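Throughout, a chain's letter reflects where its sequence line sits, starting with A, and its residues are numbered from 1. Because the structure is a prediction, the values reported are computed rather than measured.
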Amino acid sequence: MNNFSNDVWVYIEQRDGKAADVSYELLSKGRKLADSMGGTLKSVVLGHNVEHLAAETFKFGVDEAILVDNENLYQYRTMPYSRIFSSLVNEHHPRIVLFGATITGRDLAPRIASNTKSGLTADCTDLQISDVTYLKKEYKDLLLQIRPAFGGNIIATIITPDNPTQMATVREGVMEKHLSESPRQVKISRVEYVPDPVDELIQIIEQHREENKVDIKSAPIIVSGGYGVGSKENFRMLHELAKLLGGEIAGSRAAVDAGFINHERQVGQTGVTVRPKLYIAVGISGAIQHRAGMQESQKIIAINTDPDAPIFGISHYGIVGDAAEVIPRFIEAFKNKLK
Amino acid sequence: MYNSIVLVKQVPDTANISGKVMKDDGTVNRALLPAVFNPEDLIALELALQVKEKYGGKVTAITMGPPRASDTLRECLFMGADEVYLITDRKFAGADTLATSYVLSAAIQKIGNFDLIFAGRQAIDGDTAQVGPQTAEKLNIPQVTYVEEIVELNEKRAKIRRKIENGYEVLDCALPILLTVLKDSAEARPFSTKKLLAYKNAKSLMDIEKMVEGNSLLYADKLVQEFKDRGLFIPTITADDLDIDTERCGLKGSPTKVHKVESVILAGGSHIKIEPTKDGLGSLIDQLMEDHIFG
């Protein structure tokens, strides 16, 4: 037996007092991980005027929130955030720390892992707690960090057997977010911000954001087209179908590269990860990079001219045929049902 | 004047993996994959060369890897790097990002005299994006990741534009600093023909030892001196050259370990085939309605 703690920490990524979805997704996962090793779940909130956020995390099953609130932390900056988080880890030695694999998470987590000499696995698609035998040694309750590697051609399970702290980043949309059925009483531990000259080595002089109007992640139905759709003209049919079904339109990387659709609607490893109730893949062959972004969908319909296309391997329903013929027929059939 | 160190990596070309390179046990046969210059590192080198052209200074490219990684360093010379170093040792093998950044930071400290460190945002074999920030942390210097543009360098400060979620930010940074750059921030220049001719025979100690192997007429020591005299010697940095704890290097020094590797095999054939006819599609829609998929 080791003397490691059983704490699971989740970094709450926030902007203007609003948390990123991925943070709540990680809390839901973190709750399960903590339960399976009889541990506690803690949220770590850094920012300014964010006490309400710390309280909010209790809806997702947190046992305790660690809050560092100071005007110098109003916006995310690498130096103060990593310095403060590292010192918290060095003081408390949590067993697991989870970050969203966002631009911020991927900037912050490696710096903390380096400072605290912790293992860190990037872009995990699954996390589990399990007993492991590694090099003839028995380990209890290790974190299995499962991620695609080698351009998505293999799935690797990474472990951090001997270190007190196991860290991982997880992509947005991969884990399911759900409210806790039995939320704990709010318990916020405030940690004082002590300034340090290194915090000021980098200053933000300008920031520009375009609010993302498109949100295919929360669409219940997604009609997604690939290179096989053939043209921007043909893509119009997919728009029509998506509208009819009350869904959103999306595309594969090949469709984005071909200019059929915008990047913000790209599903897959270099785009968005989605898990809708229904995913209709039209003219998408189903490269691993694409599948990684949609294979958790509840129902998948594949429409492709090639009966051997890999997409059929993960589909619930397969239609072999040309999109230009199948889609209008689908639209017609659906309209008939509505009559 | 601004001196730059560029971190480059030779990687297997994962963008072009076919079934042929997958072994029966599902692992990748690296030997069958062509080795390439990590695409974002190429851009890192390009930005460093642009800084040199605009402000003066020196560009040093370094790589950690097996002896054959000298290929990548030769390519750095073809593009215009002033100096290159091959960081290689069996003790460094099997390193995860933490152990890699430990060695890299020690090598950088040994080389010294830098204002900027450039690296690609991530390498295409692991896609972790961790080595840059971890190296910066070990060097105790700040970092800027996801760099889109070096707006300006002035009085040992840098104005840098980086990507953030749904936008960008411009940062004012004290130097020295480590930057990890995005692919779209520049276009890598082609090899200079002049430099290619000049450096195509540049060799590291290991390259030379390989030449000598099985040729009793050649002596490694003599050749090394000859290559040095001609300015064609690629210096190596090994564990012995660095002030490091070898327990923190390579597989031994890596907190993360690969427990299991599986190839991605599709289930296949488990789906229900739907005929692309009016009736076929109609029954599919009925089925989905029964499952409450719509509305």
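For chain B, the option among A:Glu325, A:Arg106, A:Arg15, A:His316 with the highest count of heavy-atom pairs below 4.5 Å is A:Arg106. Per-residue counts of heavy-atom pairs under 4.5 Å with chain A were compared for B:Asp279, B:Asp96, B:Asp286; the largest is that of B:Asp286. Counting heavy-atom pairs closer than 4.5 Å to chain B, the top residue among A:Pro161, A:Ala302, A:Gly246, A:Ala109 is A:Pro161. Contact count versus chain B (heavy atoms, under 4.5 Å) is highest, among A:Thr121, A:Val132, A:Thr169, A:Ile319, for A:Ile319. In terms of heavy-atom pairs under 4.5 angstrom with chain B, the leader among A:Pro220, A:Gly321, A:Ser315 is A:Ser315. Options A:Leu108, A:Ile112, A:Leu142, A:Leu201 differ in how many heavy-atom pairs under 4.5 Å they form with chain B, and the most are formed by A:Leu201. Taking chain A as the reference chain and counting heavy-atom pairs below 4.5 Å, the highest number among B:Val258, B:Thr97, B:Leu98 is found for B:Leu98. Ranking B:Gln143, B:Glu169, B:Lys278, B:Lys138 against chain A, the residue ahead of the rest is B:Gln143, based on heavy-atom pairs under 4.5 Å. When each of A:Arg77, A:Glu206, A:Met79 is checked for heavy-atom pairs under 4.5 Å with chain B, A:Glu206 comes out on top.
Within the 4.5 angstrom heavy-atom criterion, no atom of B:Ala158 approaches chain A. Neither the backbone nor the side chain of A:Glu172 comes within contact range of chain B; no heavy atom of the residue lies under 4.5 Å from a heavy atom of that chain. Contacts between A:Tyr134 and chain B at a heavy-atom distance below 4.5 Å involve the side chain alone, from C-beta outward. Contacts of B:Ile141 with chain A are made by backbone atoms alone, with heavy-atom separations under 4.5 Å and no side-chain atom involved.
Between B:Lys110 and B:Asp243 no salt bridge is recorded (no basic side-chain N to carboxylate O distance below 4.0 Å).
Taking the six-membered ring where the residue is Trp, A:Tyr76 and A:Tyr81 present perpendicular rings, their angle passing 60° and hence far from 30°.
Taking CZ of B:Arg162 as the reference point, atom CG of A:Asp107 lies at 5.0 Å (rounded to 0.5 Å).
Cation-pi geometry between B:Lys156 and B:Tyr2 is met: the NZ or CZ atom falls under 6.0 Å from the ring centre, inside 45° of the normal.
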